[in-house]
Colleague: 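Sharing a structure, written as structure tokens. Questions coming.
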Amino acid sequence: MTPLSLIPPRTLKGFRDHLPESMLLREKIIGIARRIYQAYGYAPIDTPALEYEEILIGKGGAETDKQLYRFEDHGGRRVGMRFDLTVPLARFAAQHIGDLGTPLKRYQIATVWRGENTQRGRYREFMQCDFDTIGTQSIVADIETALVIHDLLLAIGFDRFTIRINNRKILTGILETLDLLDRATEILRSLDKLAKIGRERTEAEMVEACGVSHKQANQILALSDLAGSNEDILDQVEKLTADSPTGLEGTAQLRQVVSALEAAGVPNSRVRLDVSIARGLDYYTGTIYETFLDALPDIGSICSGGRYDNLAGLYTRTSLPGVGASLGLDRLLAAMEEVNMVEKASTPAEVFMVYFDAERLNDYLKLAADLRAAGLRVELYGEPKKIGQQLKYADRRGHSLAVVAGSREFESGTCQLKNLRSGKSLALSLAGGPDELIATIHKQLAE
RNA sequence: GUGGCUAUAGCUCAGUUGGUUAGAGCGCCGGAUUGUGGUUCCGGAGGCCGGGGGUUCGAGUCCCCUUAGCCACCCCA
């Protein structure tokens, strides 16, 4: 039965399908993130995609309320889809911190939704990989956060990247001395654009949009003029913040983080003090992190975060300070594609098994099962087609090795192991079971 | 949300001032004496020219609407 008119298959604006080739890479990165987070003792949690609307609104400004996907559910409840993982974490902490105790180290890798306009690397459905340490003021958590970012990018395969670090207290201190604290949000927003639009225009915007004087704007922007080694910058910052206890505290914290990172073996080239990064709205109160790929600074920060004084103040009277960061998986993947870090394979199975002799199906199945039992991923071709076609398929899909066996091999109790990269094949005996084959496969994969 | 650009084969794109059966490269499928892929050669399939409406004797080409993508602004928990 053919319908009169077909439904056009299509996806919503900002929502995408993920094909095997890109999905394999996604899952690989997610796996690395899990491994690194767990290596530092962060434990996984998950929260619902849907929350009560009242949980989600109010935390951000009118802008986020506009971007929130919200509707009435079948029971007449006002609900919304989570647009980040921080607000659900806040609610989660308020609800469960009594059971879990502090400090709580958790990570969450999940999809979020924002009804904002799309652009390259910006979608309406995307994935975040958050990790946070909550319930502690200790600077150790700030240091570990940076270490995790560092280890994570390294494990993914990046070599040249820069973690920019700042401390919000420095800026707060300077605004305090200039008596501009009440305009902090607007000023920060302008300051955040510095790298993008340049110093002069930033100054002009500060004067225009925030109503500060040229002199005040210059004093704020003096922070961005600092140059030299991290040590030099810290010394200069200390002078600039000399009149403010808050500013001095921030400077001291920053100094401690930077020296700890060096002691932990993070190369200096990958850590840069950047006292002009402001990171969003007035959410953060201490250390701030932004991570840029040296080859692709334009794509923006791929891993950002910071310290906050009170995560869950909207939901509980328990004060929960913390620090954390988030890897923007989709932006990262876009970057990896751009710098050609994606290896092209659309199969997860390293071993391909040619199904050549239709009479011997059971033998193929048995051999494949033996290999899988040894932890290998094996795809047996589904039809006894011509061997050339099967190898062509294996080649296109990116299998590394092919096991070739026909009546000739079965009769002599052997099989061929063909390396699809080099084209060379080895004849191996199956007389003593699959062990020799398995050992050879492992050896070839290791090369 | 505002503005600009774009939409033609699976992908990247040609397509003259509107004019007959819309092309290329790559990919895909098949073949080159039937047990060995990536190179080469030959052949083949595959297009409501994003969708809808309009102008015209005639629209892939011009106009309007719509959907989607890219860019800028905005914003970025």
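Here is how names work: the chains are called A, B, and so on, in the same order as the sequence lines, proteins then strands, and each is numbered from 1.
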Colleague: Could you tell me how far B:C74 sits from B:U2 if I compare only their P atoms? Round to whole Å.
Modeller: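 B:U2 and B:C74 have their P atoms separated by 16 Å.
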Colleague: In the structure shown, which nucleotide is the Watson-Crick or G-U wobble counterpart of B:G1, with both distances under 3.5 Å?
Modeller: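 In the structure as shown, B:G1 has B:C73 as its Watson-Crick or wobble partner.
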Colleague: Taking distance alone, no hydrogens or angles, what donor-acceptor pairs closer than 3.5 Å link side-chain atoms of residues 403-410 of chain A to residues at least two apart or in another chain?
Modeller:
residue: A:E409; atom: OE1; partner: A:G406; partner atom: N; Å: 2.8
residue: A:E409; atom: OE2; partner: A:Q416; partner atom: NE2; Å: 3.0

Colleague: Name the pairing partner of B:G25, where a pair is Watson-Crick or G-U wobble with both distances under 3.5 Å, or state none.
Modeller: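 By the stated definition (distances under 3.5 Å), B:C11 pairs with B:G25.
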Colleague: Please confirm whether the backbone N or O of A:R377 pairs with a side-chain atom of A:E350, one donor and one acceptor, at under 3.5 Å?
Modeller: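 Judged by distance alone, yes, a pair lies under 3.5 Å.
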Colleague: Can you list every ring pair (Phe, Tyr, Trp, His ring centres under 6.0 Å) pair that touches residues 419-442 of chain A, not counting sequence neighbours?
Modeller: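 Not a single pair qualifies under ring pair (Phe, Tyr, Trp, His ring centres under 6.0 Å).
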Colleague: Calculate the interatomic distance between A:Q119 atom CD and B:G1 atom P; express it in whole Å.
Modeller: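 From A:Q119 CD to B:G1 P: 14 Å.
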Colleague: Expressed as a whole number of angstroms, how long is the span from A:Y123:OH to B:A68:P?
Modeller: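 After rounding, the reported distance stands at 15 Å.
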Colleague: Looking only at the side chain of A:E116 (C-beta and beyond, no hydrogens), which of the listed nucleotides B:G69, B:C75, B:C76 gets closest?
Modeller: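 Of the candidates, B:C75 comes closest.
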Colleague: How long is the line joining NZ of A:K66 and C1' of B:C76, in whole Å?
Modeller: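 It works out to 13 Å between those atoms.
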Colleague: Under a 3.5 Å cut-off for both distances, is B:A45 Watson-Crick or wobble paired, and to whom?
Modeller: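 Looking at the geometry, B:A45 pairs with no nucleotide.
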Colleague: So does A:A358 get a backbone contact from the side chain of A:Y364, meaning a donor-acceptor N/O pair under 3.5 Å?
Modeller: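 Checked: no pair found.
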Colleague: OP1, OP2 of B:A77 versus side-chain N and O of A:S326: anything below 4.0 Å?
Modeller: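 For A:S326, the contact criterion (side-chain N or O under 4.0 Å from OP1 or OP2 of B:A77) is not met.
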Colleague: Just verifying a value: how many Å separate A:T287 OG1 and A:Y308 OH, rounded to the nearest 0.5 Å?
Modeller: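 That separation rounds to 12.0 Å.
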Colleague: Quote, to the nearest angstrom, the C1' distance that separates B:G53 from B:C48.
Modeller: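 It works out to 15 Å between them.
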Colleague: Which nucleotide sits closest to the side chain of A:R10: B:U67, B:A77, B:C75?
Modeller: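 That would be B:U67.
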Colleague: Reading RNA chain B from 5' onward, which residue's closest nucleotide shows up sooner: A:S407 or A:K386?
Modeller: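 Whichever sits nearer the 5' end wins; that is A:K386.
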Colleague: Which whole-number value in Å describes the distance from A:R360 CZ to B:G35 P?
Modeller: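 Roughly 17 Å, once rounded to whole Å.
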Colleague: In whole angstrom, give the distance that lies between atom CG of A:D17 and atom P of B:G69.
Modeller: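 After rounding, the reported distance stands at 12 Å.
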Colleague: Tell me, do A:R272 and A:I165 make a side-chain contact under 4.5 Å, heavy atoms counted?
Modeller: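 Heavy-atom side-chain distance check fails, nothing below 4.5 Å.
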Colleague: I'd like the P distance from B:G27 over to B:G38, given in whole Å.
Modeller: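 Going atom to atom, P in each nucleotide, I get 11 Å.
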Colleague: Judged by atom type as modelled, is there a donor-acceptor pair below 3.5 Å linking the side chain of A:D330 to the main-chain atoms of A:G121?
Modeller: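 It does not hold such a pair.
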Colleague: Using the P atom in both, what is the distance from B:G23 to B:A45, to the nearest Å?
Modeller: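 Those two atoms are separated by 13 Å.
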Colleague: In whole Å, I'd like the distance from the CZ atom of A:F131 to the P atom of B:A77.
Modeller: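 Rounding to the nearest Å, CZ of A:F131 and P of B:A77 are 16 Å apart.
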Colleague: Could you measure between the two C1' atoms, the one in B:A24 and the one in B:G47, and give it in whole Å?
Modeller: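 About 14 Å, rounded to a whole number of Å.
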Colleague: Got a donor-acceptor contact below 3.5 angstrom from the A:R82 side chain to the A:T47 backbone?
Modeller: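 Confirmed, A:R82 side chain pairs with A:T47 backbone.
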Colleague: To the nearest angstrom, how far is A:R16 atom CZ from B:U67 atom P?
Modeller: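 A:R16 atom CZ is separated from B:U67 atom P by 21 Å.
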Colleague: Under a 3.5 Å cut-off for both contacts, is B:G58 paired Watson-Crick or G-U wobble with anything, and if yes, with which nucleotide?
Modeller: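 Checking every strand shown, B:G58 finds no partner, since no pair has both distances under 3.5 Å.
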Colleague: With nearest nucleotide decided by heavy atoms, which residue, A:G121 or A:Q128, maps closer to the 5′ end of RNA chain B?
Modeller: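 So the residue in question is A:G121.
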Colleague: Tell me which nucleotide among B:C75, B:G35, B:G69 gets nearest to the side chain of A:F356.
Modeller: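 For the A:F356 side chain, the nearest candidate turns out to be B:G35.
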Colleague: With P as the reference atom in both, quote the distance from B:G51 to B:U67 in angstrom, rounded to an integer.
Modeller: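 Approximately 15 Å lies between the P atom of B:G51 and that of B:U67.
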Colleague: Between A:Y381 and A:Y393, does a ring pair (Phe, Tyr, Trp, His ring centres under 6.0 Å) hold up when you go through it step by step?
Modeller: CA-CA 9 Å; A:Y381 198 74; A:Y393 168 89; 5.0 Å; yes
Colleague: Whole-Å distance between B:A77 P and A:R331 CZ?
Modeller: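 Atom-to-atom, A:R331 to B:A77, this comes out as 10 Å.
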Colleague: Once you apply a heavy-atom cut-off of 4.0 Å, does A:G115 come out as touching a base, just sugar-phosphate, or nothing?
Modeller: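 Nothing: the residue A:G115, judged by heavy atoms under 4.0 Å, touches no strand.
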Colleague: Could you please name the option among B:A77, B:A68, B:G31 that lies closest to any side-chain atom of A:R114?
Modeller: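 The closest nucleotide is B:A77.
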Colleague: Please report the distance separating the C1' of B:A7 from the corresponding atom of B:G50, rounded so that it comes out in whole Å.
Modeller: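 Pairwise C1' distance, B:A7 against B:G50, rounds to 6 Å.
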Colleague: Which nucleotides of nucleotides 36-44 of chain B have their base under 4.0 Å from a protein heavy atom (B), which only their sugar-phosphate (S), and which neither (-), written as one string 5' to 3'?
Modeller: BBB------
Colleague: Given the P atoms of B:U66 and B:G3, what is the spacing between them in whole Å?
Modeller: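 Each nucleotide's P atom is 11 Å from the other's.
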